[in-house]
There are 2 protein chains.
Amino acid sequence: MKSKPTSFDIAFRAGVSQSTVSRALRNSPLVNEETRLKVQAIARELNYKVDKNASNLRSQQSSTLALLLFEDPTNDDSLINPFFLSMLGSITKACSDKGYDLLVSFQQMNDDWHAEFEDSNKADGIILLGYGDFVDYEEKLIQLIEQDTRFVRWGAEVESLPIVSIGCDNFHGGYQLTEHVIMNGRKHFAFLGEASSHAPEFFDRYKGHCKALTDNQLSVNQACQIDAISTEDSGYKAALALIESGEPFDAIFGASDLIAIGAMRALQDNGYQVPEQVAVIGFDDIPMASFTFPSLTTAKQNTKLAGELLVDSLIKLIQGEPVKTTLMPTNLIVRKSCGS
Amino acid sequence: MKSKPTSFDIAFRAGVSQSTVSRALRNSPLVNEETRLKVQAIARELNYKVDKNASNLRSQQSSTLALLLFEDPTNDDSLINPFFLSMLGSITKACSDKGYDLLVSFQQMNDDWHAEFEDSNKADGIILLGYGDFVDYEEKLIQLIEQDTRFVRWGAEVESLPIVSIGCDNFHGGYQLTEHVIMNGRKHFAFLGEASSHAPEFFDRYKGHCKALTDNQLSVNQACQIDAISTEDSGYKAALALIESGEPFDAIFGASDLIAIGAMRALQDNGYQVPEQVAVIGFDDIPMASFTFPSLTTAKQNTKLAGELLVDSLIKLIQGEPVKTTLMPTNLIVRKSCGS
DNA sequence: CTGAAAGCGCTTACAG
DNA sequence: CTGAAAGCGCTTACAG
């Protein structure tokens, strides 16, 4: 491996000083057009690239963002939630559009977790995606704030903390989905997913769901809210528990598509017809939602826009501009699983 | 934002020299146990983190790998091939297991493409995933070799170049799938996907497919090989073209799951029963393959193992150890779309 | 518009 | 085992 050329090599060949090379390569207006062109030509010829470690060290910024993806440690380690995978895709694209590099890391929530990336100057800021239990997570967030780390997160607004969150309007999404199914004549709903402060997004969906019920003179059956995390397996088990409970139901709201898909399978394995006997709805609109049988009615979270908003917000934060928590609307996607 | 502590701050507080701090933090055996503990305690207290830009600059290595994901520019820009998304997930995990950071970048093949990452010392090596047309891509690979860039790629072996490729045994996978469908009594196959040196992986699958046909005394109908790129849409159109061609067929081999899924939809939209009239098989085993109706018989590429192999191989390459091109076996996953 | 010089925060010979 | 010093390759005041 031949050693890489430095700005001094360029300077020598161009017959100018190294400072001028540095300026020319960054298109500084301070440098003469002719000089600039000559320097750039030589740089291209030698296949010279600025050493990012040196320039970052000197200028104290890295043009790099870090994405920390937390997975629920209880989840089987081979699979990543497809919703997060879509987010990852859109964040990656948004970063390259903005000229930032993206450092990606998977974390377990139980890891010793100190926002290494920003502290070690590898990234200018951090995007947080996912978490296990929100109550545990919140402590970490407080640490980040104390360390003055610049970060944005995907999720529901955290009213108690000065944090920039980008998320969907889970309440309204839950309301809209439920209302749609009510219009189709269903009366006895079950909700599969944790509905507590440990999972604020699910909780908001549940609150919207309940509001739609009471607005339509239907009652909420507490016994039909069964905890589940966002995996197919967990949805399957929750639906099984629902069936065994003996409670009557003609509609299931899965707090996420994965839960809904698992629930649908549990229903079918136990002889229930979907949607004839039981309507099923999910949340997220992951790619496979359109391929299930029957295809899944759900609330679409726009991952493309979400990725762009996360990246834009973080860059503004880094540049010291004010940034606000944003709530994006969801789209009701009507397919076959709810009987209309 | 309070300014970050440096190794000099630690040195001052610990009453030792900055060199000693540097050694202590990297657990150098040269430093006294007691000194080391004291230094580390102070570092923790001040929440000190080594500045990566400085240490990388000095030590000339970054403990960072770059993943370049190329997408077919003809593809709709909102979607990333789910197969690559799985690979991305497993590569990310493999990197963190090995203590490397991962820089992720999406590229368009038509971009000015110079392996910036390694040249600018941001990454020690590069993983290449995907490409548009192999013939164009090959030129880029030659450039990389000329620049002595350390990289590994996902894909079929390139015999003509000294490149480390990690890929699946596409030939055998294609053979096995085809043989399975032949055993179920199908005789007239169509192959949807480009089968030429522009797409070596698809070509290998096609060759395995053809070999299985001739080994079983069936003939290959050239008119039934129709080009398609790895998208649902392209598969849909290719199947339409097949239908319009008037050629007889009772089985379709989609060169990827996405193609097969598109083809299945085209068949169903045109009144064909899958698998009763036409058996359909795919390749990859992307997550949605098990959710299609009917569920898709396919050859599974083990993305978890693939990610680990890519990362391990690249790290060995960086460390100057010999690395060989590896072919991983595929797994035949029999589901409902092939009628057995 | 250009150059000489300082310095970003580390790691690593070198000397003791 | 420890410290003083050099230097990684840039960017950026400062002076002209």
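In the text below, chain A, chain B and the rest are named by the order of the sequence lines, each starting its count at 1. Source: prediction; values computed, not measured.
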Flag the pair A:Lys304 and A:Glu308 as a salt bridge only when some basic side-chain nitrogen lies within less than 4.0 angstrom of an acidic carboxylate oxygen. yes
Say you draw a straight line from CD of B:Glu138 to CZ of B:Phe134; how long is it, rounded to the nearest 0.5 Å? 4.5 Å
For DNA chain C, the residues among residues 36-43 of chain B that have a non-hydrogen atom under 4.0 Å from it: none
State whether A:Ser59 places a side-chain N or O below 4.0 Å from either non-bridging phosphate oxygen (OP1 or OP2) of C:dC8. no
Tell me whether the OP1 or OP2 atom of D:dC10 has a side-chain N or O from A:Ser7 closer than 4.0 Å. yes
Listed nucleotide nearest any side-chain atom of A:Gln18, set C:dC8, C:dC1, C:dA5: C:dA5
Check the angle between the aromatic planes of A:Tyr137 and A:Phe70 and answer parallel, tilted or perpendicular using the 30° and 60° thresholds. perpendicular
Is the phosphate of C:dG9 approached by A:Gln60 (side-chain N or O, under 4.0 Å from OP1 or OP2)? yes
With side chain to side chain contact (heavy atoms under 4.5 Å, CB included) as the test, pick out the partner of B:Met87 among B:Leu67, B:Leu129, B:Thr92. B:Leu129
d(CG, B:Asn56; P, C:dT12) in whole Å: 11 Å
Does B:Glu45 pair with B:Lys38 as a salt bridge, N-O distance under 4.0 Å? no
Does a nitrogen or oxygen in the side chain of A:Arg58 sit under 4.0 Å from OP1 or OP2 of C:dA6? no
So B:Ser55, base contact, sugar-phosphate only, or nothing? Heavy-atom distance under 4.0 Å. sugar-phosphate
Nearest-nucleotide comparison on DNA chain C, the residue closer to the 5′ end among B:Asn53 and A:Glu33: A:Glu33
At under 4.0 Å between heavy atoms, what does A:Thr6 touch on the DNA or RNA strands: base, sugar-phosphate, or nothing? sugar-phosphate
A:Ala54 side-chain proximity, nearest of C:dC10, C:dT12, D:dC10: D:dC10
Counting only side-chain heavy atoms from C-beta out, which of D:dT12, D:dG3, C:dT12 sits nearest to B:Val16? D:dG3
Separation of atom CD in B:Gln61 from atom P in C:dT11, rounded to whole Å: 11 Å
Please determine, for the side chain of A:Leu57, which listed nucleotide (C:dG9, C:dA4, C:dT11) has the closest atom? C:dG9
Is any N or O donor-acceptor pair between the side chain of A:Arg23 and the base of C:dG3 shorter than 3.5 Å? yes
With respect to the side chain of B:Ser19, which nucleotide from D:dT11, D:dG9, D:dA4 is positioned closest? D:dA4
Matching residue for B:Phe151 among B:Leu65, B:Ile127, B:Ile145, B:Leu68 - test: side chain to side chain contact (heavy atoms under 4.5 Å, CB included): B:Ile145
Would you call A:Arg150 and A:Asp124 a salt bridge, taking side-chain N to carboxylate O under 4.0 Å as the test? no
Find the distance B:Leu30:CG to C:dA15:P and express it as a whole number of Å. 16 Å
Nucleotide pairing, DNA chain D (Watson-Crick or G-U, distances under 3.5 Å), in dot-bracket with [ ] and |: |||.||||||||.|||
Looking only at side-chain N and O atoms, does A:Ser22 come under 4.0 Å of OP1 or OP2 in D:dT11? yes
